[in-house]
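Okay, so here's the structure we're looking at.
Just so you know, ligand 1 is whichever comes first in the structure, and atom 1 is the first atom listed for that ligand.
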Amino acid sequence: MGMSSEKQRAFKAISAMKDLGIPESRVTPVLRRLFSVYDKNWEPIEDENYRVLADAIFEQENEVGNAIHSFPDELPLPPLKRRLRSPAREALPKRLKKREEADNRNVEIQSHMNDEDEQETPTSPQSLSRVDSEEPSQLCLRNRGERASGSSQIHSKSKGKEPVFLSSTCPGDNIADPYSPQKQLNEKQTEHNSPQRANKEKGSLPLRSSFGVCFKEPKVEPGIILLRKEKLTNSQQIEGLIKPKSEPAEDFIPFETPLAVMPPASPDRTNNDDVQTVCSSTGRVNGAYGSSVNGFTGQAKGADCSSVSGCTGQANIEESMTSKDNQDGISGRGCKAATSSELANVPDASKSFEIASSPFGEVKISLTCNQALERPDFRMPSLDAVLNAVEDRCLRSYRILEPNFSMHKLMEEMCKSYLELSNKAPDPKEDSLIHLSSDFSFLKNSNLRNVLSAKGGQQGDIRMPTSLQSSEEVVLPETPSMLLLEGPNCHQKENCDENSNGEMDMDGFNPNSLDSRSLVVIPKHVSTIDVGPRHDVNDISKGEERVRISLINEVSSEPFAHPFYYIPKNIVYQNAYLSFSLARIGDEDCCSTCFGDCLSSSIPCACARETGGEFAYTLEGLVKEKFLDECISMNRDPRQHRHYYCKECPLERSKEGICDPCKGHLVRKFIKECWSKCGCNKQCGNRVVQRGIACNLQVFMTSEGKGWGLRTLEDLPKGAFICEYVGEVLTNTELYERNIQSTGKEKHTYPVLLDADWGSEGVLKDEEALCLDATYYGNVARFINHRCYDATMVEIPVEVETPDHHYYHLAFFTTREVDALEELTWDYGIDFNDHNHPVKGFRCRCGSNCCRDMKRSHRTKSRR
Ligand SMILES: C[S@@+](CC[C@H](N)C(=O)[O-])C[C@H]1O[C@@H](n2cnc3c(N)ncnc32)[C@H](O)[C@@H]1O
């Protein structure tokens, strides 16, 4: 395309933005980036009246932390409305008053919020991107005083259906400026994009209601360009990524000077098992990470590369991919072939993608990322971490509904496309064209295989998790909204045989033949183009988590019959008052001037203040040993640690009969994570819990009679985040009401008090004291069994959306190294003599030497 045409299109784009009130100065740099990202392809930029461009402009503003201050002159601010009403304020505990003062400091934001309450809620993803809508903030809450009296009980209304909280946005939560061009753009798009509208059409609950909670669509990470999946076919998306470049297109405007080219692969690769470290011509370091499993080649040079612009350095990620030919023993030729690789796209050094192939079917993709290496604190992430992070970003950014989406598959698609384009039709029987070490690493490093092999000595003793049983994983359309699986883990009869013990065996499954290759199941890809969302019924999270959580019963034929809705984040039941909003987070409680990863900064940011000016997490994302040990010590020997004794204990008040004096609440140590009002990005190392479950977990039937439990399928280090305790946020009163309404048998076995800081809040009213109940709505944590004293996990309160300790996330971290297949337990801190406790009493079968259930004559001795 000629220069003049490029210019014309650029001018058109600029003037379209001008029409929306965005000055040229803000448009041009973003346009340059987009133009580069889309490989000088104008269509995606022009699509939908330059929607992507507008998105990107606002995303960039978010990224540099000036979303609020960027239009001071252009945008008149509505008058301040007080968030809290005076009488309510009088009753506020000190902490909340302090927050209100912070409100007043944040008057501009506040007034926007209130004003938006009355506005029609924009629903497009980009509208959310400017507001407090980063994924973890899915809870968006109203002030109790503002809650309409007609609030109904969401869950009771939605019984029998998929929980209907999924709304793209929450009324009243959008602080996007009503006058902003972005909003104008949104309004144009609301008609056809609105999930609310879609929901209405489906006849589900009206989402714009007075409920205290609703979910938002995931927000796009600042700096990420939105590709709208529904607009692009698979192949378009892939093409967008790897479109072969036959000719260097002319730049319509000067771009950043290209940095040194990183040509793919050093030529002399004579051994596919080699892990290569390549230095870029800038002399910067490229790390290496890769290994070979069972003869597969996995090579990668990882780099922290996420941005598509701002090229200031250079790093490489390279994935060596071998086709079937190579696997079948032609690897020698493949190695030789590497020397004769031909670059598919050589000419333009600034390109971030390069693909090479050999005449023998070897395809090599080289990603050149330019952002990381100028950073003095640059460190090489593992390929695994990069793939996970990219998956995470993609899932949030592109509305990918396929629960089994993986970067591995994406790379494979790239390979396939490349081969197709090269007129080399891939073998349809090919199960995987690429072999990355990351997919195998946990099996290679963990002792899962040994454990399985050991057990497999007696064939039939072991039931493989369904997720590992067959590569023909069954993916069924989701019909049941409640997770209620009939029978053991085999959900497709045809694939299962029932043995004499009534247990299910997979056809042809031979535990003795296990090797790491047979253990790895790459789930069948299901296209999301023409079908609705699907869930693997053997994923108890129904696709809600980043990882699949399988379920297995190796000890009995008891079916899994837990009627609960899986939710990955807390939701408010009805009256719980959670006092957080962006406006309540003062500058002193966030790190608005940070950038990138706070953990890499030499000076810890404001978010580390909660943990004594030091981050609680290590660079590897583990809780630091000292901090963790203190938390463990608190749990193991609570008497040695500070307690708060309520004058009128909400817990006692909510019990039946006479109130006992407060038994004391442990004053716990908190972790404070960075969040939406912080300048850092979602990948910041101080955001662990909010990223969700990352390890391989499994719900299994315990053999000690504790019912279902949770275990890990991989070796875990000490201090690793496992999961959050997720449930409905209730007030103590509501929990009390639930308990008295239920019969003894149904007494709630899943409530957790959020009492870690009751002490600093003065006398808490019943409706202020919060707890989580995972009985009806919960996540995988509802299966965590109790172990006295030496549990494998400890709970730590984590602040995400609010610096106010009133509401927090309860997160579980490992107390020591945990082996694959070991149960993940937690010391409930239960007093086995307290029969009035809201948690239903049980006969403890934890097996710990220090079991506190002393009265039980049948106490089991620990086997550990
Ligand atoms: C939060 S649930 C844990 C999951 C539960 N095992 C299930 O099957 O749903 C708590 C319940 O699990 C059982 N449980 C947990 N830890 C136990 C233990 N150490 N000994 C016996 N039962 C236990 C008790 O019935 C308790 O009320």
Side-chain angles (χ1 to χ4, degrees), residues 482-485 488-489 540-541 549-567 570 635-636 697-712 722-728 730 735 738-739 742-753 771-795 810 812 815 822-864:
M482 277 216 179
L483 203 57
L484 197 79
L485 305 187
N489 310 308
I540 67 148
S541 86
I549 300 166
S550 58
L551 177 121
I552 186 170
N553 185 348
E554 298 159 308
V555 298
S556 72
S557 54
E558 189 182 321
F560 179 79
H562 274 247
F564 81 102
Y565 292 88
Y566 195 99
I567 51 168
N570 291 335
N635 260 35
R636 294 195 176 162
L697 301 176
Q698 185 176 62
V699 173
F700 74 110
M701 179 56 78
T702 60
S703 53
E704 302 89 354
K706 297 181 289 187
W708 297 93
L710 184 68
R711 69 184 175 189
T712 169
I722 303 298
C723 64
E724 183 183 333
Y725 194 95
V726 168
E728 286 176 271
L730 303 182
L735 178 63
R738 278 191 178 182
N739 267 333
S742 57
T743 65
K745 191 163 179 279
E746 290 161 356
K747 192 168 175 182
H748 287 253
T749 52
Y750 304 94
V752 167
L753 299 175
C771 57
L772 295 170
D773 185 5
T775 308
Y776 305 126
Y777 295 83
N779 72 345
V780 72
R782 76 194 294 287
F783 295 103
I784 301 173
N785 285 319
H786 160 85
R787 184 175 173 95
C788 297
Y789 194 74
D790 55 357
T792 46
M793 298 189 297
V794 64
E795 78 276 23
L810 201 66
F812 295 107
T815 52
E822 239 191 289
E823 181 168 7
L824 293 163
T825 52
W826 163 43
D827 187 338
Y828 294 178
I830 200 165
D831 175 356
F832 287 98
N833 298 315
D834 183 358
H835 302 293
N836 272 326
H837 196 275
V839 178
K840 188 184 168 194
F842 56 87
R843 196 176 71 182
C844 186
R845 298 171 189 271
C846 73
S848 166
N849 279 331
C850 308
C851 179
R852 293 193 298 273
D853 194 5
M854 300 299 282
K855 286 187 181 158
R856 313 288 177 199
S857 53
H858 52 266
R859 180 182 147 203
T860 45
K861 286 281 173 205
S862 169
R863 260 164 269 119
R864 290 184 59 81

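Considering backbone and side-chain N/O of R787, none are found under 3.5 Å from N/O of ligand 1.
Less than 4.0 angstrom separates some heavy atom of F783 from each of these atoms of ligand 1: 3 (C), 4 (C). Close contacts of ligand 1 with G707, meaning ligand atoms under 4.0 Å from a residue heavy atom, involve 6 (N), 8 (O). Near C846, meaning under 4.0 Å from any of its heavy atoms, are these atoms of ligand 1: 19 (N). In the vicinity of Y828, heavy-atom distances shorter than 4.0 Å reach the ligand 1 atoms 1 (C), 2 (S), 3 (C), 10 (C), 15 (C). Ligand-side atoms of ligand 1 in range of N785: 3 (C), 4 (C), 5 (C), 6 (N), 12 (O), 13 (C), 14 (N), 15 (C), 16 (N), range being under 4.0 angstrom from any heavy atom.
The proximity of F842 to ligand 1, defined as any non-hydrogen pair under 4.0 Å, is limited to the side chain. Contact annotation for T825 and ligand 1: no heavy atom of the residue comes within less than 4.0 Å of the ligand.
Using the six-membered ring where Trp is involved, F560 and F783 have ring planes that are tilted, between 30° and 60° apart.
By the 4.0 Å N-to-carboxylate-O rule, E728 lies close enough to R738 to be salt-bridged with it. Between D827 and R636, no side-chain nitrogen of the basic residue sits less than 4.0 Å from a carboxylate oxygen of the acidic one, so the salt-bridge criterion is not met. Between E822 and R787 there is no salt bridge, since no side-chain N of the basic residue sits under 4.0 Å from a carboxylate O of the acidic one. Salt bridge status for E823 with K706: present, with a side-chain N to carboxylate O gap under 4.0 Å.
The shell of residues lying under 4.0 angstrom from ligand 1, judged by heavy atoms, includes R782. Under a 4.0 angstrom heavy-atom cut-off, C844 registers as being in contact with ligand 1. Ligand 1 has no atom lying under 4.0 Å from any heavy atom of D853.
Between atom 16 (N) of ligand 1 and the options E823, K706, H786, the minimum heavy-atom separation is to H786.
In summary, the aromatic rings of F842 and F832 are positioned with their centroids under 6.0 Å apart.
Contact check for Y725 versus E795: no side-chain heavy atoms found under the 4.5 Å cut-off. Between V780 and Y566 there is a side-chain heavy-atom pair separated by less than 4.5 Å.
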